[in-house]
Amino acid sequence: MTTRRSGLSGQPMAIIALCMLGVLVLLAVLAPVLWGEAAVKANPDAIALPPSAEHLLGTDKLGRDILLRTLVASRLSLVMAVAATLMGLCAGLLLGAVPAVLGARAQRWFAGVINTWLAFPVLLVAMLTVVLLGTGATTAVIALALTMTPSFARLAQTLSSRVGGSEYLAAARMLGVSRRRQFTRYVLPNIAEPVIVNVTSSIGGGLLALSSLSFLGVGVQPPDFDWGRLLSEGFGQVYNSPVAAIGPGVAVVFAGLAFSMLGESLAGQLRNRENRKAPAPRRLGPAPVAAGQAETHQQGPAPLLEVDGLSVSFPGPDGWIRPVQDVSFSIHPGEIVGVVGESGSGKSVTMMSVAQLAPAGAAVTARRLRFDGDDLTGLTQAEAGKLLGTRVGVVFQDSLTALNPALRVGTQLAEVPRVHLDAGRKQAQAQAVRALDDVRIPEAGRRAQQFPHEFSGGMRQRALIAMAQIGSPSLIIADEPTTALDVTVQRRVLALLRDKCAESGAAAIVVSHDVAVLAELCGRILVMYAGRVVEDVDIALLPTPERLAHPYTRALVASLPDLDTDRGEPLVTIPGEPPDLSQPIAGCAFAARCAFATSRCETETPVLALHRHGGRVACWHPQDDTAGHEEGGA
Ligand SMILES: Nc1ncnc2c1ncn2[C@@H]1O[C@H](COP(=O)(O)OP(=O)(O)OP(=O)(O)O)[C@@H](O)[C@H]1O
């Protein structure tokens with residue numbers, strides 16, 4: 001708000017518009033009080049007089065001063081325009097923005113309503129309203145509101161679809177924030193600015209439309225009068241006193257200009273904002289499901305998280321794109337597991353699907369998905385998300401988009417105790433400050449009152465860890481929690497995550513494309529390639545690459561520079577490109593880039609199987625002990 005005001009104060013057009021609006025508001029407040037009586041009282045001695053020093057715009061057929069009537073009419077004209085715009089805005093927000101928190105089906109349904117409404121010509125809607133409700137000021141306001149509703153709805157729909165797909169709204173859903181709060185605290189504040197710009201310009205347009213309705217005789221009816229009504233009366237005496245129509249005409253143009261100029265100035269402030277669009281959903285056949293049967297679990301303590309045969313598909317132009325296929329793994333209480341792989345290998349989509357935060361449009365299937373004794377298979381994302389509640393905490397990759405820019409950091413953290421622990425406002429706020437203090441944010445009390453943009457990247461990331469921790473989850477999913485940070489801050493954030501897990505006994509899954517990051521943090525890593533887990537291996541084996549089994553894991557580790565790397569030599573890279581996931585892949589997806597591939601690799605997909613190094617490998621030719629694996633493995 002402050003930024004906008006200081007920005008506007010530097011724009012001459014905005015200053016002029018604000019002055020003009022100030023004059024209009026003063027007139028609307030004072031004119032009816034000062035001249036209300038004179039403007040309506042007939043004066044038989046001054047009928048239809050031309051302009052004079054006493055009556056600057058002359059008088060009407062009943063001897064009333066036209067200038068005074070024009071000034072007094074400013075209240076009704078402005079109130080009607082503002083009322084109609086606000087009614088249209090409220091209806092538009094209900095239709096366009098509320099569905100953002102209701103889910104994909106509601107969004108589609110409401111989009112249909114808006115499209116149909118937009119297809120009706122504005123004039124037809126206005127006339128229909130007048131026919132149904134009769135003429136009058138109220139009818140004119142309702143008619144105008146009805147014509148404004150679909151355009152507000154379309155604007156709100158476009159803007160809120162961005163917020164609907166944001167990580168901070170996903171995080172709020174995850175925390176169980178009610179839909180009403182999601183709407184009022186997450187959607188509305190983030191679409192407010194462009195909506196306000198539109199509302200401002202619409203009031204100007206509304207004034208013109210209402211004046212036209214009154215001018216045509218279907219708006220304000222005598223003895224009431226607005227500028228349109230006065231314009232119509234002025235036209236009646238245009239041959240005797242042409243000035244009679246000029247006063248109200250100038251008033252309409254003056255007010256319309258003031259609102260339009262203000263709207264234009266506000267729009268100028270927002271013009272550089274990024275404008276992304278959500279892709280349109282498509283209809284396809286059923287999503288692909290991983291074949292096979294659920295693995296019965298091995299002996300030992302029960303895992304906290306059990307994932308078997310997880311597949312995620314997205315609708316693409318030529319059918320389903322399958323970025324995650326038949327992924328199986330389990331995590332035990334207190335364990336920290338890393339997930340590594342090249343960009344696009346499906347790490348984030350896999351883990352977000354486990355957290356029930358798969359992107360909109362994703363079809364998620366699994367043979368088994370169990371968390372802490374609860375079976376999530378077959379539940380909808382909303383049902384499973386509810387079941388997980390605060391038991392899973394998520395640290396998102398981009399701390400700037402994962403935090404609501406319109407809310408203070410402390411308020412966002414306080415949502416969890418407020419929603420899940422029924423804590424009062426003060427108690428929740430105190431808990432939020434403690435959580436920030438816990439992740440070593442200095443002056444936590446003061447910082448809790450700040451907005452995300454006032455935090456440094458490292459502090460925001462720590463605030464996200466505090467947010468993921470505040471509900472005491474038994475599993476934390478961290479999606480590239482340190483990618484955007486420099487090496488020193490990165491180390492501190494990772495150490496913090498490790499300490500927090502050790503303190504609380506929580507397990508963690510940490511997604512990264514950097515094996516070195518994971519080596520510092522995890523006990524085990526899952527290596528992903530083209531949407532599949534190709535190796536599940538103890539981190540202790542990383543320093544001895546000859547004990548790693550999958551050629552891809554070896555290549556990944558070999559591509560890591562260390563202190564012994566010859567700086568004169570180019571860094572080792574993995575030749576070739578990952579496959580196109582929108583096309584079916586026959587055999588091993590890594591075969592085209594693998595030096596050990598045989599004809600079998602090109603036709604048969606290797607199965608992830610227990611391996612002699614204590615982990616699991618999906619490869620027909622594991623490199624640590626080829627013969628041993630080929631006999632007993634897959
Ligand atoms: N909403 C979506 N719609 C369609 N495809 C998607 C969507 N989200 C992700 N994908 C696709 O899924 C694949 C895997 O994406 P994912 O983000 O999981 O990769 P990643 O391994 O985490 O990569 P990075 O390290 O770059 O984050 C990518 O090819 C991506 O294009």
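Just so it is clear, the structure is predicted and the values come from calculations on it, not from any experiment. As the structure lists them, so they are numbered: ligands from 1, and atoms in each ligand from 1.
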> What pairs with Ser151 under side-chain contact (heavy atoms from CB on, under 4.5 Å), at least two apart in sequence or on another chain?
Replying inline: none

>> Show me which atoms of ligand 1 lie under 4.0 Å from any heavy atom of Glu480.
In response: 24 (P), 25 (O), 27 (O)

> Quick one: which ligand 1 atoms are inside 4.0 Å of a heavy atom on Ser345?
Replying inline: 19 (O), 21 (O)

>> Under 4.0 Å from a heavy atom of Pro323: which atoms of ligand 1 are those, numbered in the order shown and with their elements?
In response: 12 (O), 13 (C), 14 (C)

> With Val98, which residues qualify under side-chain contact (heavy atoms from CB on, under 4.5 Å), at least two apart?
Replying inline: Leu94, Leu102, Phe183

>> Any atom of ligand 1 sitting under 4.0 Å from a heavy atom of Glu342?
In response: yes

> What is the ring orientation for His611 with His613, classed by angle as parallel under 30°, tilted 30 to 60°, or perpendicular over 60°?
Replying inline: perpendicular

>> Test of understanding: given a 4.0 Å heavy-atom threshold, classify the contact between Pro359 and ligand 1 as side chain, backbone, both, or neither.
In response: side chain

> Any ion pair linking Asp326 and Arg367 (charged N to carboxylate O, less than 4.0 Å)?
Replying inline: yes

> Does any N/O atom on Val511 come nearer than 3.5 Å to any N/O atom on ligand 1?
Replying inline: no

> Can an N or O of Gly346 be found at a distance shorter than 3.5 Å from an N or O of ligand 1?
Replying inline: yes

> With no hydrogens and no angle check, do the side chains of Gln450 and Arg447 hold a donor and an acceptor under 3.5 Å apart?
Replying inline: yes

>> Looking at ligand 1, is there an atom of it that comes within less than 4.0 Å of some heavy atom belonging to Gly344?
In response: yes

> Is the shortest N/O to N/O distance between Ser348 and ligand 1 below 3.5 Å?
Replying inline: yes

>> Set out, in order, the CA-CA distance, both residues' side-chain angles and the distance that settles salt bridge (charged side-chain N to carboxylate O under 4.0 Å, His left out) for Arg616 and Asp536, then state yes or no.
In response: CA-CA 5 Å; Arg616 297 175 304 158; Asp536 172 356; 3.0 Å; yes

> Roughly how far, to the nearest 0.5 Å, is CG of Leu497 from CD1 of Ile336?
Replying inline: 6.5 Å

